[in-house]
Amino acid sequence: MRELLQGLRLEIEGLVLPTGCAGCGRPLVRDRLCEACQEALRGPVPRRVRPSSLPAGLPRVHGSLVYRDEARAVLLAHKERGVLCLSGLLGELLARSVSAALRGTRPGEVALVPVPSSRRSVRRRGHDPTLRIARSAVRQLTLQGQPARVLPVLRQCRPVTDQAGLSAPERMANLRGALVACPGSARLFAGRRVVLVDDLLTTGASLVEAARAMRAEQGRAMRGGAVRRQAGTDGPGEAPLVAAVLAVRG
């Protein structure tokens, strides 16, 4: 309900107040992103991206944007200011990164697993930005003929410190053991290609911890006989091998 009211408020403001482009601030009447910024965001081709220091346990990550200029402004507008209409374009860009990450893998349905926001952040923002963008990406993939679904199975199991201002080792320590996959969720991945998704790659700590949590749940399921590893496939007994993000911090 809170997300609905927030969206209605922004829509009404767009009808009666001049608004600026979320990317460059150029004055507009209704559209929250000018054509020049749309072209700038759609232009880069998704590629393999890495943080400056590669942490152990980081899956292969693909993304297209560098976190600066229009990309930074648009991601912040969607995440922090609740400009929810931007999720369509951001979902399109994430879908492209997902497709690039899966290039060369076996065919089959795709499961997008978003890195979760803390409940405190969701309450403060009024929405979960990565989950919303992941759902938009699934719609884009489906339109392209790629069966896909969002599986939001990761949860924070303990409080963490705000990552802003922390060094790479401090971020890793802050998040270590902070995520858990819902019990029994490993069964949902049978026959599906799993892609961890996040909005921004900085040090890789969030994706490393998400992959660890997924690996732990899949290991428990295999030991309990709930799932079996399928020979020759990226079966449910394996950790997620790929991830997709919107932007990497340059």
Side-chain angles (χ1 to χ4, degrees), residues 48-63 67 75 79-80 94 97-98 101-102 110-125 127-135 137 150-189 192-223 227 234-249:
R48 178 86 180 269
V49 293
R50 299 176 177 86
S52 56
S53 179
L54 190 66
L58 182 69
R60 290 187 294 111
V61 188
H62 281 73
Y67 189 65
L75 283 171
K79 176 186 282 188
E80 303 295 349
L94 183 61
S97 293
V98 168
L102 292 173
V110 175
L112 302 190
V113 179
V115 174
S117 300
S118 69
R119 282 177 289 207
R120 180 177 57 191
S121 295
V122 172
R123 286 195 300 269
R124 176 175 59 82
R125 293 169 178 151
H127 73 126
D128 186 329
T130 304
L131 178 58
R132 179 179 292 276
I133 295 169
R135 287 171 173 161
V150 179
L151 294 177
V153 300
L154 294 175
R155 299 285 185 273
Q156 283 196 356
C157 57
R158 65 167 177 81
V160 298
T161 303
D162 188 343
Q163 296 276 81
L166 298 183
S167 66
E170 289 170 337
R171 285 174 178 245
M172 294 292 294
N174 184 42
L175 291 181
R176 190 174 296 118
L179 297 182
V180 64
C182 297
S185 58
R187 303 179 195 179
L188 300 174
F189 303 117
R192 297 187 173 98
R193 294 176 291 170
V194 179
V195 184
L196 290 169
V197 296
D198 205 354
D199 58 348
L200 179 64
L201 176 66
T202 302
T203 64
S206 297
L207 288 173
V208 167
E209 173 57 18
R212 184 210 59 78
M214 292 286 292
R215 186 181 303 117
E217 173 58 26
Q218 291 167 343
R220 283 191 293 270
M222 289 183 68
R223 289 192 297 272
V227 298
D234 297 332
E238 295 186 5
L241 298 179
V242 295
V245 299
L246 285 165
V248 59
R249 195 180 291 273

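Computed from a prediction, not measured in an experiment: that's the story for all the values here. Index from 1, following the sequence.
Side-chain atoms of Arg171 come within 3.5 Å of backbone atoms of Gln163 as a donor-acceptor pair (strictly under, hydrogens ignored). Remark: side-chain polar atoms of Glu217 are paired, donor with acceptor, to backbone N or O of Gly184 under 3.5 angstrom. Between the side chain of Asp199 and the backbone N or O of Thr130, no donor-acceptor pair lies under 3.5 Å.
Side-chain contact between Pro51 and Leu58: present, with at least one pair of heavy atoms (C-beta onward) separated by less than 4.5 Å. The shortest side-chain heavy-atom distance between Leu154 and Val180 does not fall under the 4.5 Å cut-off. By the 4.5 Å heavy-atom criterion applied to side chains, Gln156 and Arg119 are not counted as neighbours. Within the 4.5 Å cutoff, the side chain of Ser185 has no heavy atoms near those of the Leu151 side chain. Using a 4.5 Å heavy-atom cutoff, the side chains of Val115 and Val197 are not in contact. Inter-residue side-chain proximity for Pro116 and Leu179 is flagged as met; some heavy-atom pair is nearer than 4.5 Å.
The shortest heavy-atom contact between Cys157 and Gly177 is SG-O, 3.3 Å. Summarising the geometry of Ala101 relative to Ala243, their closest heavy-atom pair is CB-O, 3.9 Å, with the distance given to 0.1 Å. When all heavy atoms of Gly165 and Glu170 are compared, the pair lying nearest together is O-OE1, 4.4 Å. Residues Ala111 and Arg192 approach most closely at CB-CD, 4.1 Å, considering heavy atoms. Here the shortest heavy-atom pairing between Ala244 and Val195 reads N-CG1, 3.9 Å. Contact between Pro114 and Pro152 at its shortest, heavy atoms only, is CD-CA, 4.0 Å.
Counting heavy atoms of neighbouring residues, nucleotides and ligands inside a 6.0 Å radius, atom CZ of Arg249 exceeds 12 of them.
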*Could you go step by step and tell me if Val153 and Phe189 meet the side chain to side chain contact (heavy atoms under 4.5 Å, CB included) rule?*
CA-CA 11 Å; Val153 300; Phe189 303 117; 3.9 Å; yes
*Carefully, step by step, assess Met214 and Leu196 under the rule side chain to side chain contact (heavy atoms under 4.5 Å, CB included).*
CA-CA 10 Å; Met214 292 286 292; Leu196 290 169; 4.3 Å; yes
*asked:* Does Ser117 form a side chain to side chain contact (heavy atoms under 4.5 Å, CB included) with Arg125? I'd like the steps, not just the answer.
replied: CA-CA 10 Å; Ser117 300; Arg125 293 169 178 151; 3.9 Å; yes
*asked:* What verdict does the side chain to side chain contact (heavy atoms under 4.5 Å, CB included) test give for Val245 and Ser97, after you've listed the backbone C-alpha separation in whole Å, the side-chain angles of each residue and the deciding distance to 0.1 Å?
replied: CA-CA 7 Å; Val245 299; Ser97 293; over 6 Å; no
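Checked against Val248 for a side chain to side chain contact (heavy atoms under 4.5 Å, CB included), the options Leu200, Leu201, Val61, Thr202 give a single hit: Leu201. Of the candidates Val110, Val113, Leu131, Val150 forms a side chain to side chain contact (heavy atoms under 4.5 Å, CB included) with just one, namely Leu131.
Between atom CG of residue Leu54 and atom OG1 of residue Thr203 there is a gap of 11.0 Å, rounded to the nearest 0.5 Å. In this structure, Arg50 CZ and Arg60 CZ are separated by 10.0 Å, a value rounded to the nearest 0.5 Å. We find the CD-CZ distance between Glu209 and Arg212 to be 4.0 Å, quoted to the nearest 0.5 Å.
Taking a cutoff of 4.0 Å between a charged side-chain nitrogen and a carboxylate oxygen, Glu80 and Arg124 qualify as a salt bridge.
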